[in-house]
Amino acid sequence: EAALSRRYVLCEVVSEDPRCRQCIEDRAVGLAVRDAIGRVHGDYGLACCSISFTVKYLNAYTGTVLLRCRKDSYRLLCSALPFVRQLESRNQRYPCFLNTLHVGGTIRTCQKFLIQYNRRQLLTLLQNCTNEEERLCIQKSLLSCSLTEEQSQSGDEEDDDGTE
């Protein structure tokens with residue numbers, strides 16, 4: 001039971017450099033996070049966090065990253081995330097930082113949070129529209145914010161009875 005106790009940390013990669021998007025890959029993010037943990041918490045912290053740590057999901061287009069770690073080490077992980085200052089890919093360094101959005105017990109709760117978060121972001125965009133075409137486009141995006149059955153299927157977790 002304790003071995004299955006995990007936390008999922010939902011983050012977004014924030015960078016001024018538009019080229020940073022192309023280097024957002026599992027390996028680069030994983031290495032940057034491990035490096036930050038090592039710098040902040042030393043070998044002991046790195047060892048604690050490395051057990052079961054993985055980049056579960058990554059969307060380079062939106063900059064969304066989902067990290068998984070053991071429940072007993074998620075505080076170590078979260079406290080090191082502000083110290084990620086760059087991602088490295090093909091010997092290029094791209095300055096960026098990870099903004100923690102949510103910590104959840106399942107991938108599904110993180111997905112639900114992300115939908116609400118994106119909806120709020122879209123509403124903010126909607127308020128700043130300059131023309132009707134933009135407004136219609138964003139309204140269409142808002143209507144499409146939902147969790148489909150296809151997306152929610154994950155090998156990592158099951159619903160107890162399907163009622164949430």
Side-chain angles (χ1 to χ4, degrees), residues 1-128 138 141 145 147 151-157 164:
E1 183 65 34
L4 294 173
S5 209
R6 299 192 173 123
R7 284 294 171 262
Y8 296 88
V9 182
L10 184 66
C11 307
E12 64 181 348
V13 177
V14 181
S15 178
E16 298 282 314
D17 189 342
R19 295 173 306 160
C20 185
R21 291 251 184 260
Q22 67 202 22
C23 80
I24 301 175
E25 51 192 32
D26 296 33
R27 194 174 160 278
V29 172
L31 287 171
V33 170
R34 281 190 180 90
D35 177 63
I37 295 167
R39 280 184 285 129
V40 176
H41 298 295
D43 291 343
Y44 174 77
L46 187 57
C48 289
C49 289
S50 290
I51 303 165
S52 158
F53 170 77
T54 186
V55 178
K56 278 304 283 181
Y57 170 79
L58 190 136
N59 184 327
Y61 182 71
T62 61
T64 305
V65 177
L66 188 65
L67 306 172
R68 185 192 74 196
C69 65
R70 283 187 15 201
K71 183 180 178 182
D72 58 9
S73 61
Y74 85 92
R75 284 185 184 90
L76 283 173
L77 171 67
C78 288
S79 65
L81 292 178
F83 295 91
V84 172
R85 298 211 177 90
Q86 64 186 17
L87 289 179
E88 204 170 321
S89 181
R90 298 177 198 90
N91 296 324
Q92 287 284 328
R93 289 193 176 122
Y94 301 95
C96 66
F97 68 91
L98 293 178
N99 181 24
T100 304
L101 300 174
H102 182 74
V103 177
T106 63
I107 292 174
R108 191 177 180 93
T109 58
C110 291
Q111 286 175 323
K112 287 180 174 180
F113 173 85
L114 191 57
I115 289 165
Q116 294 305 321
Y117 176 78
N118 287 337
R119 191 174 278 151
R120 287 193 303 272
Q121 300 290 89
L122 285 168
L123 284 168
T124 304
L125 284 174
L126 191 59
Q127 289 166 351
N128 298 325
I138 291 172
S141 295
C145 286
L147 189 62
Q151 289 172 303
S152 66
Q153 306 267 321
S154 167
D156 258 89
E157 57 198 348
E164 276 191 62

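FYI, side chains are in, hydrogens and waters are out, and symmetry mates aren't considered; it's all heavy atoms of this structure. When a residue number appears, it is its place in the shown sequence, counting from 1.
- Atom CG in Leu46 sits 11.5 Å away from atom CZ in Arg39 (nearest 0.5 Å).
- Counting heavy atoms from C-beta on, the side chains of Leu67 and Leu81 come closer than 4.5 Å.
- Nearest heavy atoms, Ala28 versus Glu88: CB-O, 3.4 Å.
- Nearest heavy atoms, Pro95 versus Arg93: CD-O, 3.8 Å.
- Minimum interatomic distance between Ala80 and Ala36 (heavy atoms only, all atoms of both residues): O-CB, 3.6 Å.
- Side-chain contact check for Val33 versus Leu98: some heavy-atom pair is nearer than 4.5 Å.
- Gln86 contributes atom CD, which lies 14.5 Å from atom CZ of Phe97 (distance to the nearest 0.5 angstrom).
- In this structure, the side chains of Leu114 and His102 stay at 4.5 Å or more apart for every pair of heavy atoms.
- Across all their heavy atoms, Phe113 and Leu101 have their closest contact at CZ-O, 3.3 Å.
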Margin query: Show, in sequence, the C-alpha distance, side-chain angles and deciding distance for Lys56 and Ile107, and conclude whether the side chain to side chain contact (heavy atoms under 4.5 Å, CB included) test is met.
Written below: CA-CA 9 Å; Lys56 278 304 283 181; Ile107 292 174; 4.1 Å; yes

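- Here Arg75 contributes atom CZ and Cys69 contributes atom SG; the two are 10.5 Å apart, rounded to the nearest 0.5 Å.
- Here the straight-line distance linking atom CZ of Arg70 with atom CZ of Arg6 works out to 10.0 Å at 0.5 Å rounding.
- Annotation for Leu87 and Cys96: closest pair CG-SG, 3.6 Å, computed over non-hydrogen atoms.
- For the residue pair Thr109 and Gly104, the shortest heavy atom distance occurs at OG1-CA, 3.8 Å.
- A donor-acceptor pair is defined here as one N or O able to donate and one able to accept, closer than 3.5 Å; no such pair exists between the side chain of Ser73 and the backbone of Leu76.
- Atom CG of Asn128 has more than 12 neighbouring heavy atoms from other residues, nucleotides or ligands inside a 6.0 Å radius.
- Note: Arg34 CZ to Phe53 CZ = 5.0 Å, rounded to the nearest 0.5 Å.
- Distance check, rounded to the nearest 0.5 Å: OH of Tyr74 to OG of Ser5 gives 10.5 Å.
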